[in-house]
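Worksheet: the structure to be examined is printed underneath.
Both ligands and their constituent atoms are indexed starting at 1 by order of listing.
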Amino acid sequence: MNLTVGVLALQGDVREHVAALTSAGVRAVPVRRVSELDGVDGLVLPGGESTTIDKLLRAFELFEPVRARLRAGMPAYGSCAGMILLADRVLDAIDGQQTLGGVDITVRRNAFGRQIDSFETDLVVDGLPEDERGPVHAVFIRAPWVEEVGPAATVLARVENGAAAGRIVAVRQGSVLVTSFHPEVTGDDRVHRLFVGMVRGSR
Ligand code: GLN
């Protein structure tokens with residue numbers, strides 16, 4: 001069964017997600033218009049700037065179509081800005097910022113603080129495909145964290161060490177996955193393989 005997974009290509013690190021999805025064994029295509037959205041079995045919302053992607057979603061008349069597909073059960077994976085876009089609630093949003101929603105979480109934008117805008121750490125992500133590589137090397141770039149998780153959502157990973165220890169950074173709800181970090185920049189395709197498995201399972 002040949003799966004096609006789209007990467008929302010309005011802003012952000014689209015190429016990196018296309019490469020990670022290709023490595024995870026699916027056809028990966030950029031999505032900029034509704035006709036392209038119609039052809040995908042699942043959608044990745046990349047890292048970038050959530051306020052910009054939100055504005056562009058509306059400018060490209062994709063906001064409602066993507067939301068409708070999410071409500072109809074389309075699997076989705078959001079990293080960083082993509083996590084914000086898939087969250088039901090956002091703290092420290094800019095005026096007028098909207099989200100597509102879909103995951104019953106409250107995220108805080110730029111939560112790790114100005115001093116430690118960007119950092120890297122190893123963490124365990126529940127539900128990853130089995131292999132011998134051990135913890136995931138997680139890269140955080142002006143990342144959000146998850147401040148509240150509703151009953152429908154499941155925590156998959158928390159920061160293990162340092163000042164932010166215990167903070168929730170990966171969540172799954174049904175066929176929607178979100179991470180605060182950017183697995184697409186590390187060459188480790190296990191998170192994308194987890195998502196591809198979710199897309200496969202939803203068909
Ligand atoms: N701080 C960005 C936002 O609010 C997210 C950063 C990222 O995706 N690397 O959208």
Parallel, tilted or perpendicular: which describes the rings of His192 and Tyr77, with under 30° parallel and over 60° perpendicular? perpendicular
Under 4.0 Å from ligand 1 - residues by heavy atom, chain and number: Gly47, Gly48, Glu49, Ser50, Cys80, Ala81, Ile84, Arg109, Asn110, Ile141, Arg142, His182
Would you call Glu49 and Arg109 a salt bridge, using N to O less than 4.0 angstrom? yes
Has Arg15 got more than 12 heavy atoms of other residues, nucleotides or ligands less than 6.0 Å from its CZ? no
Restricting to pairs with a member in residues 88-97, which pass salt bridge (charged side-chain N to carboxylate O under 4.0 Å, His left out), not counting sequence neighbours? Arg89-Asp104, Asp92-Arg108
How are the rings of Trp145 and Phe112 set to each other: parallel, tilted or perpendicular (split at 30° and 60°)? perpendicular
Expected output: side-chain Arg158 to main-chain Gly166 donor-acceptor under 3.5 Å: yes
